[in-house]
Amino acid sequence: MSVRVRFAPSPTGPLHIGGVRTALFNYLFAKKHKGTFVLRIEDTDQNRYVAGAEDYIKESLDWCRIPFDEGPGKDGGFGPYRQSERKEKYHAFAKALLDSGNAYYAFDTAEALNQHRKDHEAKGKTFIYNWHNRLKLDNSLVHPADEVEKRIAAGEDYVIRFKSPQDEKLHLQDEIRGDIYIDTNILDDKVLFKSDGMPTYHLANIVDDHLMEITHVIRGEEWLPSLALHVLLYRAFGWDAPKFAHLPLILKPVGKGKLSKRDGDKLGFPVFPLQWQDPKTNEISSGYKEDGYLPEAVVNMLAFLGWNPGTEQEIFSLEELVQAFDLKKVNKAGAKFDPEKTKWFQQHYLQKASNESVSTSFMTLLREKGVDASPQYVSKVVDLIKERATFVADLWDLGSFFFEAPQEFDAKASKKGWKEDTSTIMTQVKEVIANVSTFTTEEVQQAVKGWIVANELGFGKVMQPLRLSLVGAMQGPDVFEIAATIGQEETIKRLEKAIAIL
């Protein structure tokens, strides 16, 4: 049987990077085994549905270059792929569980159940609806069938609960965590179906995975407590269960607790792939894309949150990740999120990107600042300063002097580098530069350095004020590269301005 995996988010808001990591691992596993990556939208809880969330999920996967093979808009013969459009399928399966004795109707009101909880708490106990008390509660296990039918026909609210087994040691297997044993006496009889005609996550999830022929369920650790119920449901239906793999949590940078949006807000990093504007509050949450991260950097970072190839290699293209990925190399322990490591990946991929692609992004920023420059010129500037940048936005701080003359000069550098005789020296350097016939980096360097040697001056006495004149501070790449890039006329203008001011 060919591998089929699914990513099944709920459209209740923006996609957390923990969800993106789950999608990524599913994608890598599917591609490694030449299988199919399915997107299923689990929107059975219509009360929590948020407009725009489904589109956000799709856009996030596309931006990360991990698009789904099947899903809404890409029918592979197993649709529809939104659970709200599949609801007519679930009732028959709930009925099958009732008929086989693996489920039952329960009429207990919320008030009655709340009272039971309070009574148990008063006695220092925890209320669990299962084998030890279900024959004392309001359900079809204790009422005659005709009475149950009358109550349902009369429109009385009910739920359908799974009848969890008693006195059994259930053996579960997880591809990451190995063998797990559960005492079924501690399991509660979960609600599978509500009287509003909608299934709960547990029933819909199992039915859909079966009907969509999912072979491997790769999901977050938070679903591990549901594994026993899901395996029992497969058994109750008489179906073969898929293989399960529960991914470790992504932890806060401090290492304790699950990474949250609050952590990102507090420490200044995104926890969502794309920017998100809450349709109710209009609150805007930052995204990796809008903060200037490259998708390759985000994917590489996410891959290492819980997975390790077992080698020293850290930089992986998506294709390399597909080849190297193995569920057996996914850790059980939580993975601590490191914002600085994310920047490290980002810097690597920015350096690896072509000057043309970086220039295209940088030109957008330049236009916003009212700077008009040719693509060729911007590409040349990018080539000179890119290695010092982590984000495209850094390029302006690193190289604004390529586009506009300095309006002021760094006070500390001026005091240190501009002496009483500096104006005289710079006036002479200006004449040397004006007489360079072919204004290339090499020609300017040869002319200026030759003049310094001929006049027996210290290089620092000339080079520091020259840089200060062109840049306004003691920063930037090779000063002769700067001069050759901005051109002869602009170099002379800046020298004249520095002499006049300093």
Check your understanding: Do any N or O atoms from the side chain of Tyr288 and from the backbone of Pro270 form a donor-acceptor pair under 3.5 angstrom?
Key -> yes
Exercise for review: Ignoring hydrogens and angles, state whether a donor on the side chain of Gln346 or Thr390 is under 3.5 Å from an acceptor on the partner side chain.
Suggested key: no
Check your understanding: Does NZ belonging to Lys416 count more than 12 external heavy atoms closer than 6.0 Å?
Key -> no
Check your understanding: Is the charged tip of Lys329 near the ring of Phe325: under 6.0 Å from the six-membered ring centre and within 45° of its axis?
Key -> no
Check your understanding: What's the shortest heavy-atom distance between Asp263 and Lys258, and which atoms?
Key -> OD2-O, 3.7 Å
Review point. Is it true that a side-chain atom of Glu42 and a backbone atom of Asn205 form a donor plus acceptor pair closer than 3.5 Å?
Key: no
Review point. Can you check whether Leu232 reaches Arg235 side chain to side chain, under 4.5 Å on heavy atoms?
Key: yes
Exercise for review: Test side chain to side chain contact (heavy atoms under 4.5 Å, CB included) on Ser260 and Val271 and set out the steps.
Suggested key: CA-CA 7 Å; Ser260 69; Val271 297; over 6 Å; no
Check your understanding: Would Glu221 and Arg177 pass as an ion pair if we require N to O under 4.0 Å?
Key -> yes
Practice item. Measure the CD-OG distance between Gln275 and Ser285 for me, rounded to the nearest 0.5 Å. Key: 8.5 Å
Check your understanding: So do Val38 and Glu213 actually touch side chain to side chain, heavy atoms under 4.5 Å?
Key -> no
Review point. Would you say Ile482 and Phe402 make side-chain contact, with heavy atoms under 4.5 Å?
Key: yes
**Study point:** Ring-ring centroid check Phe25 Trp307, cutoff 6.0 Å
**Key:** no
Point to revise | Under-4.0 Å salt bridge between Glu54 and Arg82 | key: yes
Point to revise | Nearest non-hydrogen partners of Phe272 and His16, listed with the distance | key: CD2-CA, 3.8 Å
Review point. Should we count NZ of Lys336 as having more than 12 external heavy atoms under 6.0 Å?
Key: no
Review point. Step by step, would you call Ile315 with Trp344 a side chain to side chain contact (heavy atoms under 4.5 Å, CB included)?
Key: CA-CA 10 Å; Ile315 301 299; Trp344 180 85; 3.7 Å; yes
Review point. Nearest 0.5 Å, what's the CG-CD distance between Leu321 and Gln323?
Key: 10.0 Å
Exercise for review: Determine whether more than 12 heavy atoms belonging to other residues, nucleotides or ligands lie under 6.0 Å from atom CZ of Arg65.
Suggested key: yes
Check your understanding: Short question: side chain of Asn331, backbone of Ala333 - any donor-acceptor pair under 3.5 Å?
Key -> no
Point to revise | Pair Glu59 + Lys289, salt bridge at N-O below 4.0 Å | key: no
Practice item. Look at atom NZ of Lys87 and say whether more than 12 heavy atoms of other residues, nucleotides or ligands are closer to it than 6.0 Å. Key: no
Practice item. Kindly determine whether Lys449 and Phe459 satisfy side chain to side chain contact (heavy atoms under 4.5 Å, CB included), including the steps that lead there. Key: CA-CA 8 Å; Lys449 285 189 173 181; Phe459 276 86; 3.6 Å; yes
Exercise for review: Could you check whether the rings of Phe403 and Phe362 sit parallel, tilted or perpendicular, using 30° and 60° as the cut-offs?
Suggested key: perpendicular
Review point. Can the ring centres of Phe237 and His210 be said to be less than 6.0 Å apart?
Key: no
Check your understanding: Would the number of heavy atoms belonging to other residues, nucleotides or ligands and lying under 6.0 Å from NZ of Lys341 be above 12?
Key -> yes
Check your understanding: Is there a donor-acceptor contact under 3.5 Å from the side chain of Asp278 to the main chain of Glu283?
Key -> no
Practice item. Identify the two heavy atoms, one from Ala335 and one from Leu305, that lie closest to each other, and give their separation to 0.1 Å. Key: CB-C, 3.6 Å
Check your understanding: Taking C-beta and beyond as the side chain, do Tyr56 and Pro273 meet within less than 4.5 Å on heavy atoms?
Key -> yes
Exercise for review: Ignoring hydrogens and angles, tell me if any N or O in the side chain of Ser379 forms a donor-acceptor pair with the backbone of Ser359 under 3.5 Å.
Suggested key: no
Review point. Under 4.0 Å between a Lys/Arg side-chain N and an Asp/Glu carboxylate O for Lys89 and Asp208?
Key: no
Check your understanding: Has Glu489 got more than 12 heavy atoms of other residues, nucleotides or ligands less than 6.0 Å from its CD?
Key -> no
Exercise for review: State plainly whether the residues Asp69 and Lys31 are in salt-bridge range, i.e. N to O under 4.0 Å.
Suggested key: yes
Check your understanding: Just by distance, do the side chain of Lys497 and the backbone of Pro406 share a donor-acceptor pair under 3.5 Å?
Key -> yes
Review point. Quick one: CG on Asp209 to CZ on Phe244, what's the gap to the nearest 0.5 Å?
Key: 7.0 Å
Review point. Which pair of heavy atoms, one from Ala94 and one from Phe193, lies closest together, and at what distance?
Key: CB-CD1, 4.0 Å
Point to revise | Check: Phe269 ring centre within less than 6.0 Å of Phe337 ring centre | key: yes
Review point. Do Lys261 and Trp276 touch side chain to side chain, with heavy atoms closer than 4.5 Å?
Key: no
Review point. Between Leu365 and Leu395, is any pair of side-chain heavy atoms under 4.5 Å apart?
Key: no
Point to revise | Straight-line distance of Ile206 CD1 to Leu233 CG, nearest 0.5 Å | key: 5.5 Å
Review point. Can you tell me how far CG of Leu470 sits from CD of Glu490, rounded to the nearest 0.5 angstrom?
Key: 9.0 Å
Exercise for review: Take atom CD of Gln313 as the centre, draw a 6.0 Å sphere, and report whether it contains more than 12 heavy atoms from other residues, nucleotides or ligands.
Suggested key: yes
Review point. Ring centres of Tyr293 and Phe391 under 6.0 Å apart?
Key: yes
Practice item. Check whether any side-chain heavy atom of Gln83 lies under 4.5 Å from a side-chain heavy atom of Pro199, and answer yes or no. Key: no
Practice item. Taking the six-membered ring for Trp and the full ring for Phe, Tyr or His, determine whether the centres of Phe29 and His33 are under 6.0 Å apart. Key: yes
Study note, to complete from the structure: Closest non-hydrogen atoms of Glu314 and Phe304, given as atom of the first, atom of the second and distance, are O-CE1, 3.3 Å
Point to revise | Asp174 side chain to His246 backbone, donor-acceptor under 3.5 Å | key: yes
**Study point:** Sidechain N-carboxylate O distance under 4.0 Å for Arg4, Glu70
**Key:** yes
**Study point:** Test side chain to side chain contact (heavy atoms under 4.5 Å, CB included) applied to Ile218 and Val330, step by step
**Key:** CA-CA 11 Å; Ile218 304 169; Val330 176; over 6 Å; no
Point to revise | Closest non-hydrogen atom pair, Arg467 against Val479 | key: NH2-N, 3.4 Å
**Study point:** Side-chain donor or acceptor of Lys386 paired with backbone N/O of Gln351 under 3.5 Å
**Key:** yes
Review point. Does Glu290 reach the main-chain N or O of Leu274 with its side chain, forming a donor-acceptor pair under 3.5 Å?
Key: no
Review point. Would you say the side chain of Leu227 lies within less than 4.5 Å of the side chain of Arg219, judging by non-hydrogen atoms?
Key: yes
Point to revise | salt_bridge(Asp188, Lys190) N-O dist < 4.0 Å | key: yes
Check your understanding: Within the side chain of Asn300, is there an N or O that forms a donor-acceptor pair under 3.5 Å with the backbone of Glu296?
Key -> no
Check your understanding: Considering residues, nucleotides and ligands other than Lys493, do more than 12 of their heavy atoms fall under 6.0 Å from its NZ?
Key -> no
Check your understanding: When rounded to the nearest 0.5 angstrom, what distance separates CG in Leu247 from OG1 in Thr22?
Key -> 5.0 Å
